[in-house]
Amino acid sequence: MIDSSPLSASTLRRLWPLVLLFGLLLHGLAAGAPGPATPVADPDSQRPVVGLVLSGGGARGLAHVGVLRVLEEIHVPVDLVVGTSAGAAVGALFAQGMSVQEIEDRMLGMDWLAGFTDTPGRRYQPVRRKEDGWRFPLSPGLGVGMDGLRIGRGLISGQNLGLILNDLTYEAALVRDFNHLPIPFRAVATDLETGEEVVLSNGSLSEAVRASMSIPGIYAPVNRDGRLLVDGGVANNLPVSVARDLGAEVVIVVDISDEPGRGETLTQAFSVISQLTTLMTRRSVEEQLASLREGDVLITPELSGLGSADFFHGAELMERGATAARNQAVELSRLAVDDEQWRQNTALRTYRGFEPERITKVVIRQDSRLADRFLRDRIRQQEGEPLNVPQLEEDLKRIYGLGYYENVSYSLSPAEEGSVLEILVREKSWGPNYLSFGVGYEENFDSDTRFNVAVSLRMTQLNRLGAEWQTDAQLGTQPWVRTEWFQPLDYGYRRFIVAGAEYDKERYSVFETGGDRTAEVDVTNHRLDLAAGIELGANAEFRGSLERGYATVDDRIGDSPAGSDRIQQGSWNLRLVYDSLDDPFLPESGSFAGIRGRFERPELGADSKFDRTVVRLATAGNRGDWVASGEFFASVVTNGEAGIENNELLGGFRRLSAYGQGEVTGQDAVLGTAVLYRKFGGPIVPFFLGAGLEAGNAWEDVGDARWDDVLTSGTVFAGFDTIMGPVQAALAYNNDDRWGVYLNVGYSLRQLFD
């Protein structure tokens, strides 16, 4: 099941995501159709009952598609299909009635990496969750409870696969007996507790196939009728015996499993792990092969050099499968039928009788402490109306984007005059309190090194409306702590209040008119805030808030204009945000628009009176591997004087890169950036190379700004993306004839709109 070839550089790239990609073959399942059960064989004909047996093997399962193509060319009918893991995936496609051409097209056009993460995409998260993403990008399935730390049952819960399978098996949604598919079908899984083979013959087709490929420790097990089911390859990777039990008189067996490695191929850790996995599955394969009889056809594609993770060699894998089948053409032709019989067989197999029916009832089935209405208010499907699948999937993705659930799916069951829609929700096994992490490192190899690590504890489902208590802490160059209570005012989260307390410390530089730095100070802020807000659609949010606190300014170098006493602060604030960017670090699509107003007032306890307006606009787009993005930022005091403790900071990577972070400061600031980069490499470890241009400055009064005051900085950069954010190296040059070199890891150390 796992490639055990020597560990070359190209093999290492394949082996690293090996088990992760194993199950993604399911990603292209297409809808089959319920209809009348197909007879196992025509009782008036002399031909035997033919069973097709497809083994597991990850990406190598694409070779099964080539075999199907040859069976179609020779006119060999199939009366039943049995598959394990990747074989179950392809077998389900075929048994549902999908044409071989459609199977090929879907497999070759598939985004195989979509199953790497469970999240359906950042655009399905609420704005407040998106804001957490840039500082806490790593959510490793780790929770906290009264019993200590909790971890998930797999690296991937299978949420994306579940939604995809629900969609692609839509036409078979009401089929509960797999004998009633166009071709009778069985998927083989393994009972995690006993190790026994489990033959899945009924229930949800998508769930059955999902269970058959749940690699232990990688994909979370499927809980089906009280049993935890995992990859069928553990118990029976080549289920010939299952086909016999179903009545197959002749079997066509396609074995794409790995052969055990030998000698010098077992010298490195990855190859040893691969060998152990292969030995575990190979024993059952050899037992099944020993049961073959005269008249059975064994097809073993020659797949050397192609491993279980080589999904991006789909065309070659299919062709190798077809070649192996053609090599068995003489044996297969004995099972062929004439043209008229083939037309009849094809008509039965491709029958699709399912039509969207009226939803008579919507039922919520969940295991969380939230009220059913919490979920029902997020489902737009109305009873008495036809099922709207695209709308339903959008709703389920947004429910999953809340971060509470391990799986969110749906199923249909027959009812009088329509169907019952069941919303199936399973709370995260490591919840309801979750840990997330982040790291930020910025080095200019001159005088400025900044490093922060951050952790967030989010306690959820604190009442039936879905209240949350989140506490964030950042240690390092810029310490920061915030705790807040988020309280929805309705079940749909559309109206809410937030109460919070915050502490942060920032370093500022003070410059005289000639541009020389006269002081360096640390500004510490303490504040309490109370906000009320409303969600405006899926990607927008409006908040109004009151803030009360104080700041202190401590001189590090020189003498600052501010005193050392507490500077009292009190303000009311307005904030409107629209965010549809697909990634907080390296967006390839979407846009951001935010406007924030701060109104400092003595009657709220402040020592000063001023109004500040902050605007940030950003957009990104791509064409192929090329990505372009642009950003505009402006922060202007429109009334009064803000004081040094409220200065805006520019400088640092992508913020006038050739200047140190905080080197460009002032009461008002304006910045524009444009970036163009190209993606390279494979899908597992992608890297990028690009260039950017930044222009802007900070002033005590933007009204004094002149064109010749504008600072510019050009950068060339290269890097690669990681689970903690991008790692980038950059060379910057500015119009003051200054050079800068940067190494940046993880999240931005200072956001311009937060």
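Applying the salt bridge (Lys or Arg N to Asp or Glu O under 4.0 Å) test to pairs two or more places apart or on separate chains, none has a residue in residues 211-220. Residue pairs meeting the ring-ring contact (aromatic ring centres under 6.0 Å, His included) criterion with at least one member in residues 357-386, sequence neighbours excluded, are Phe374-Tyr493.
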For this session: Give the intermediate values and the outcome of side chain to side chain contact (heavy atoms under 4.5 Å, CB included) for residues Val363 and Asp372.
Result: CA-CA 9 Å; Val363 178; Asp372 287 353; over 6 Å; no
Problem set entry | Working for side-chain hydrogen bond (donor to acceptor under 3.5 Å, both in side chains), residues Asp132 and Gln470 | CA-CA 11 Å; Asp132 288 339; Gln470 181 168 330; 3.3 Å; yes
For this session: Start with the C-alpha gap between Arg122 and Lys130, add the side-chain angles, then the distance that decides, and say whether side chain to side chain contact (heavy atoms under 4.5 Å, CB included) holds.
Result: CA-CA 7 Å; Arg122 186 173 183 267; Lys130 293 174 182 176; 3.4 Å; yes
For this session: Determine, step by step, whether Arg227 and Glu193 satisfy the salt bridge (charged side-chain N to carboxylate O under 4.0 Å, His left out) criterion, reporting the C-alpha distance in whole Å, the side-chain angles of both residues, the deciding distance to 0.1 Å, and the verdict.
Result: CA-CA 8 Å; Arg227 305 176 78 178; Glu193 294 183 2; over 6 Å; no
For this session: Carefully, step by step, assess Leu412 and Leu421 under the rule side chain to side chain contact (heavy atoms under 4.5 Å, CB included).
Result: CA-CA 5 Å; Leu412 298 174; Leu421 171 64; 3.8 Å; yes
For this session: Might you work through the side chain to side chain contact (heavy atoms under 4.5 Å, CB included) test for Leu424 and Asn407, ending with a clear yes or no?
Result: CA-CA 8 Å; Leu424 310 172; Asn407 286 111; over 6 Å; no
For this session: With salt bridge (charged side-chain N to carboxylate O under 4.0 Å, His left out) as the test, would you mind laying out the steps for Arg482 and Asp529 before giving the verdict?
Result: CA-CA 11 Å; Arg482 177 170 177 80; Asp529 55 82; 2.9 Å; yes
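Within the 4.5 Å cutoff, the side chain of Pro126 has heavy atoms near those of the Leu402 side chain. Between Tyr491 and Arg376 the shortest side-chain heavy-atom distance does not fall below 4.5 Å. Between Tyr410 and Ile379 the shortest side-chain heavy-atom distance does not fall below 4.5 Å.
In this structure Asp472 satisfies the salt bridge (charged side-chain N to carboxylate O under 4.0 Å, His left out) test with no other residue, sequence neighbours excluded. Listed by chain and residue number, Phe486 satisfy the ring-ring contact (aromatic ring centres under 6.0 Å, His included) test with Phe496 (two or more places apart in sequence, or in another chain). The salt bridge (charged side-chain N to carboxylate O under 4.0 Å, His left out) check on Asp377 picks up Arg373, with sequence neighbours excluded. Not a single salt bridge (charged side-chain N to carboxylate O under 4.0 Å, His left out) links Arg494 to another residue, sequence neighbours left out.
With no hydrogens or angles considered, a side-chain donor-acceptor pair links Ser85 and Asp231 at under 3.5 Å. No side-chain donor-acceptor contact under 3.5 Å links Asp395 and Gln381.
Counting only distance, with no hydrogens or angles, the side chain of Ser212 and the backbone of Thr84 share no donor-acceptor pair below 3.5 Å. In this structure a side-chain-to-backbone donor-acceptor pair under 3.5 Å is present from Thr460 to Pro432. Distance alone, capped at 3.5 Å, is enough to place a donor-acceptor pair between the Asp582 side chain and the Glu588 backbone. Using modelled atom types, one side-chain atom of His64 and one backbone atom of Ser55 make a donor-acceptor pair closer than 3.5 Å.
A salt bridge is absent between Glu484 and Arg128; no separation between the charged side-chain nitrogens and carboxylate oxygens falls under 4.0 Å.
A pairwise comparison of heavy atoms in Arg426 and Pro221 identifies NH2-O, 4.3 Å as the closest pair. Residues Ala92 and Val209 approach most closely at CB-CG2, 3.8 Å, considering heavy atoms.
Atom CH2 of Trp485 is surrounded by more than 12 heavy atoms from other residues, nucleotides or ligands within 6.0 Å.
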